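As the structure is a prediction and not an experimental result, all values here were calculated from the model.
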Amino acid sequence: MARVNNWQLGREMSYWYPEARPQKQFAAVFDTNKCIACQTCTLACKTTWTSGKGQEYMLWNNVETKPYGFYPLAWDLNLLEMLGGQEWDETGERPVYQGSTIFESAPAGERVLGWRPEDQDYSYPNVGEDDCAGQVDGGASLAASHDMAWFYYLARICNHCTYPACLASCPRGSIYKRPEDGIVLVDQGRCRGYQECVRGCPYKKVFYNAMTGTSEKCIACFPKMETGIQPQCFVNCIGKIRMAGYLNTPENAREDNPLDYLVHIKKVALPLFPQFGLEPNVYYIPPVHVPTSFTSQMFGPGVGKAIETYRSAATDSDLAGLLGLFGSSERVMTRWRRIGETVTGLDDDGNVLVNVPLKEPVHIRPAYDKLYQVTRSNCP
Amino acid sequence: MGPNQFFNSDNKDRDTIMLAALTGNVGKIGGNIGSYAGNYRTALFNGCPQYINENPFDIELDPTKPARPKAYWTAESAHYYNHEDHPLKVGNTILTGKTHMPCPTKSLWFANANSILGNVKWHYNQVFNALPKIEMIAVNEWWWSTSCEWADVVFGVDSWAELKHPDMTASVTNPFLIVFPRTPIERIFNTIGDIEVYSLVASKLAELTGDQRFNDYWKFVNENNTDVYLQRILDNSTNTKGYNFSELHAKALEGIPALMNSRTTPKNVGYDQLTDSTPWYTKSGRLEFYREEDEFIDAGENLPVHREPVDSTFLEPNIIIAPPHEALRPKGPEDYGAKRDDLSCETRCGRNVVYTWEEARKTAHPLVKDGFKFIFHTPKYRHGSHTTPIDTDMVAILFGPFGDIYRHDKRSPFVTEGYVDINPTDAKELGINDGDYVWIDPDPEDRPFRGWQNDKRNYEVARMMCRARYYPGTPRGVTRMWFNMYAATPGSQQGAKEREDGLAKNPRTNYQAMFRSGSHQSATRGWLKPTWMTDSLVRKGMFGQGIGKGFAPDIHCPTGAPREAFVKISKAEPGGIDGKGLWRPVDLGIRPRNESDAMKRYLAGEFMKRK
């Protein structure tokens, strides 16, 4: 085991390989508050990548309702139970994780603490849809605090982790992290289907294909990313909850990098189960209406402040403007800026990819269009 | 959606819009009352008569000139067809207005509209009692829907992704003029365009009769130049005049949208009335919340009142609940020649009985004494629009919590299946476990179809069986099943019984059902509301700024409401694989009301400690 730095834990940790960060790291921000679980992302991925034999059950991208939704069944619950209660120390300047990661709590002779789902655990991929915590036996009414019964939608892809457990688990070295963009891939020529990666990945985002005898996973649509276009599940998202790009480490964060701004500067987007220790690279804006006891267990100790910041977007034109760039272009926006009422997405070379207004404009047309000699009416 | 699809929705809407008006929220961005029904988009292209009403005896063959519309048809609400072509008769009184009066349905020909037949309310009454009287049913479809199972002729047509003739549409809820360009995508099957089906039939009629006008009527289809018809519609629609179709088409190919040029974008209904003082589409030109017409006074709805649902209520159905008021003087059952205690389904539609809340709360639905205790709603689901996109297996596995692509349980009719959401406390009381199969039985008077008592064979097809899901988000006594599902047919049931794989798939047609028997439409019914069938109500016309009186399709007429019923639910089979034990997620302890200790800790966030 090597000692590596995991900034999400605020400390060093043990990992099977030495720290080797890529030149740039594929990353994403998902705004859970905007997801309606329409599953368009799921289908965009499925029809693109997993319509073949042996892939029937695979959802490289899935959306599940929390707290009762799981794909595969009980995926996070099982690991949390194996890991036991884990503690964060928030007394210092930055929270420090004091519990064990899945690498540090690996049983003797194993590289990570993991479990392998049974075939039937992949059944019912939308179990728990819209099931809320709490009961409304006596009926319900809407209240601003909304604390009676809650659920939210969690869209999930591979986290293309900085310290992937799948990669660490593979006894053949068949899984690699691309140095040019940090995307984690399974070498289909080298893989022998031992499924140690399936057991090791805490997010259960590596899938065994019984027809090919190899394991498969989300590839972050790298052929698209390489040409500057966001992945299928991003560009097809009708709720515009997602933004893909590249993330720097906190000490190298840039204000004009949209993901750095949200993750490092505003700290409004948080990793999924940081305590597992993988330094996952999909970041979530936590749901504002859910008890933070639950969301902190899932997104770490920054939840309360993240929600506070997110709520301040009403008066923070930069944050609101950047959130408005989500889903505005197919292109990867590696830079952004706001000047007055205009928010701009740019590429690395400073080329403008898209301009969006800070607020949706209202157009009022004359009641009578003299040029075409016609009335313009809202009730034609 | 559904808020506009309750039996009492006109009362409800009058209430809510009055509230909006009183609080100054009409005609302002962020104000108004949202209530969406897709039908209303037709009116957005008020130049449509250029195409649908071109005078067949005076056809314009010059592509640069407009048509000269003259309508040779009259409309009728499809909901009389869904009511065995009867008007509403209560006692000795007909409560369907003369302008609404239906005539017997002779034939049906519809395109991509499974809800006309396959997913119609009271479906099994429709197919077993009404269809035998209809001489021909033709259906244009992309795939084999329930409607195709019951059709005489099925035309296989292009899906939207395969359109070789361009088309356009718009929505009442977004600002875009949506153009479907000619696609370069190859057709997957041997299909033709919807519009070609009609032009080919016309061409055959021309051949048989020797009358060239049959061909002329479809001239620009035959010349593969339907742009002409679309341009005529654009030229004559208030909010699209000035657009050139070929320019819109070129942009659409690149994914560039166009806007509807309504008075405001986003469209904000009431802006014109508020800002320009243009009149509302009423008798007085003002917003009217009091209805002075005799029909409304007779119905006790001259004031906006609360009416209980016509079936889905624990109380006496369809009663008016209001304190005594001098303006409320409806005609009671006796005035119509009916008995006051006659609560039969038909009579109930026109039963005007007023109770105070104190009186109403002591009443009960007449079926409560027979063990009926559940309100059953069938709203639409976000994973489907009607039944269109649900039947590919990739989508279906996400349709609800019972999707399983490998069908470990061979009882499952498909890779997903119909289910009802039920309050866990209610289900436990009935001995129903999460994931069990249940029977859902509606009012035996006339459902699933009139005469089921003497028709065992068809009753076996029509009786609703589905999975039950414990759903903590519904109050006690209220259940829900999604609307967007494929009903069992005699063929699908034969498949479920005889096929080795157990799929509820018709061995002859490959029709795939989502139930082993019945459907959500086993419980619903066609209901007719008297105040939707009046002759004196002044209302907007379908197209343009003209106003009229009485019936107008989709404006003043019965609707397919309500999509709900009052039902009895009982256990049919255990939910575990092949009927043994519990449904697996219950066994794992991850379901509401059956949580394992670990799941309880997870819900409470106890796997994280903070210092």
Side-chain angles (χ1 to χ4, degrees), chain A residues 36-39 42-43 46-47 51 56-57 67-68 70 73-74 77 80-81 83 85-91 98 120 123-140 149 275 291 293-294 296-297 301 362-365 367 369 371-372 374-380, chain B residues 29 43-46 237-239 241-242 261-272 276 281 382-383 394-395 397-406 408 423-425 471-476 540 543-545 584-585 588 590-592 598-599 602-611:
Chain A
I36 57 165
C38 66
Q39 306 280 5
T42 308
L43 268 295
K46 183 125 195 82
T47 52
S51 60
E56 297 87 355
Y57 76 100
Y68 287 101
F70 304 91
L73 295 176
L77 173 64
L80 287 169
E81 196 181 5
L83 207 53
Q86 300 290 312
E87 197 166 21
W88 289 84
D89 181 352
E90 297 176 74
T91 54
Q98 294 198 313
Q120 284 187 40
S123 302
Y124 322 124
N126 208 359
V127 71
E129 188 186 47
D130 295 4
D131 279 332
C132 56
Q135 301 256 8
V136 295
D137 279 20
Q275 65 268 44
S293 55
F294 187 84
S296 299
Q297 176 180 266
V362 175
H363 297 288
I364 297 170
R365 300 183 180 83
D369 186 315
L371 178 62
Y372 295 110
V374 66
T375 55
R376 303 297 194 189
S377 165
N378 279 347
C379 288
Chain B
I29 299 282
L44 299 176
F45 292 97
N46 54 330
S237 293
T238 303
N239 292 337
K241 190 176 180 186
N261 292 316
S262 41
R263 182 74 202 282
T264 64
T265 301
K267 186 161 47 120
N268 170 25
V269 170
Y271 180 89
D272 319 40
D276 307 333
Y281 308 96
R382 63 177 171 284
H383 302 309
M394 287 182 190
V395 182
I397 57 168
L398 299 164
F399 189 101
F402 298 103
D404 179 7
I405 195 76
Y406 297 128
H408 290 91
N423 177 285
T425 310
Y471 184 58
T474 191
R476 296 202 61 179
K540 185 180 178 297
F543 299 117
Q545 300 299 303
R584 182 171 160 78
L588 293 177
I590 56 171
R591 294 291 303 145
M599 186 66 187
Y602 175 77
L603 290 169
E606 289 175 9
F607 288 108
M608 181 196 188
K609 290 179 210 149
R610 313 177 77 155
K611 187 163 83 178

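Looking at B:Tyr271 and A:Ile364, their side chains come closer than 4.5 Å, going by heavy atoms from C-beta outward. Looking at A:Pro301 and B:Met608, their side chains come closer than 4.5 Å, going by heavy atoms from C-beta outward. Using a 4.5 Å heavy-atom cutoff, the side chains of B:Arg584 and A:Val127 are not in contact. Contact check for A:Tyr57 versus B:Ile397: no side-chain heavy atoms found under the 4.5 Å cut-off. A:Gln120 places none of its side-chain heavy atoms less than 4.5 Å from the side chain of B:Asp404. Using a 4.5 Å heavy-atom threshold, the side chains of B:Arg591 and A:Asp131 count as touching. Between B:Lys241 and A:Arg376, some side-chain heavy-atom pair lies under the 4.5 Å cut-off.
Within the 4.5 angstrom heavy-atom criterion, atoms from both the backbone and the side chain of A:Asp130 approach chain B. When heavy atoms are compared at a cutoff of 4.5 Å, B:Phe607 approaches chain A by way of both its backbone and its side chain. With a 4.5 Å cut-off on non-hydrogen atoms, B:Asp276 touches chain A through its side chain but not through its backbone. Interface residue B:Arg382: only side-chain heavy atoms are found under 4.5 Å from chain A. For chain A, the nearby part of B:Tyr281 is the side chain; its heavy atoms alone come within less than 4.5 Å.
Annotation: maximal heavy-atom pairing with chain B below 4.5 Å, among A:Pro380, A:Gly85, A:Ser123, occurs at A:Pro380. Contacts with chain B were tallied for A:Tyr372, A:Phe294, A:Tyr124; A:Tyr124 has the most, counting heavy-atom pairs under 4.5 Å. Here B:Gly403 is the residue among B:Gly403, B:Pro585, B:Gly400 with the most heavy-atom pairs under 4.5 Å with chain A. With chain A as the partner, the residue from B:Thr238, B:Asp272, B:Thr425, B:Ile29 showing the most heavy-atom pairs under 4.5 Å is B:Thr238. Of the listed residues A:Ser51, A:Ala367, A:Ser293, the one with more heavy-atom pairs under 4.5 angstrom with chain B than any other is A:Ala367. Between chain A and the options B:Leu588, B:Asn46, B:Asn239, heavy-atom pairs under 4.5 Å are most frequent for B:Asn239. Chain B forms more heavy-atom pairs under 4.5 Å with one residue of A:Leu77, A:Leu371, A:Asp89 than with any other, namely A:Leu77. Your options are B:Ala604, B:Pro401, B:Ala598, and the one with the most heavy-atom pairs under 4.5 Å with chain A is B:Pro401.
For B:Phe402, the ring pair (Phe, Tyr, Trp, His ring centres under 6.0 Å) partners are B:Tyr419, B:Trp583, not counting sequence neighbours. A:Phe70 pairs by the ring pair (Phe, Tyr, Trp, His ring centres under 6.0 Å) definition with B:Tyr602, not counting sequence neighbours.
In this structure, the separation between CD1 on B:Ile590 and CG on A:Leu73 is 4.5 Å, given to the nearest 0.5 Å. We find the CZ-CG distance between B:Arg263 and A:Asn378 to be 8.0 Å, quoted to the nearest 0.5 Å. Atoms CG and OG, from B:Asn261 and A:Ser377 in turn, are 12.5 Å apart once rounded to the nearest 0.5 Å. Between the CD atom in A:Gln39 and the CZ atom in B:Phe399 there is a gap of 12.5 Å [rounded to 0.5 Å]. Considering NZ of B:Lys540 and SG of A:Cys379, their distance stands at 6.5 Å, rounded to 0.5 Å.
Of all heavy-atom pairs between A:Asn126 and B:His383, the closest is ND2-NE2, 3.9 Å. Residue A:Gly134 comes nearest to B:Pro472 through the heavy atom pair O-CB, 3.4 Å, listed as atom of the first residue, atom of the second, then distance.
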List the steps and the verdict of side chain to side chain contact (heavy atoms under 4.5 Å, CB included) for A:Thr375 and B:Gln545.
CA-CA 10 Å; A:Thr375 55; B:Gln545 300 299 303; 5.7 Å; no

Give the intermediate values and the outcome of side chain to side chain contact (heavy atoms under 4.5 Å, CB included) for residues B:Met394 and A:Thr42.
CA-CA 9 Å; B:Met394 287 182 190; A:Thr42 308; over 6 Å; no

Please determine whether side chain to side chain contact (heavy atoms under 4.5 Å, CB included) holds for the pair A:Leu43 and B:Leu398, giving the CA-CA distance in whole Å, both sets of side-chain angles, and the decisive distance to 0.1 Å.
CA-CA 10 Å; A:Leu43 268 295; B:Leu398 299 164; 3.4 Å; yes

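A donor-acceptor contact under 3.5 angstrom links the side chains of B:Asn423 and A:Asp137, judged on distance only.
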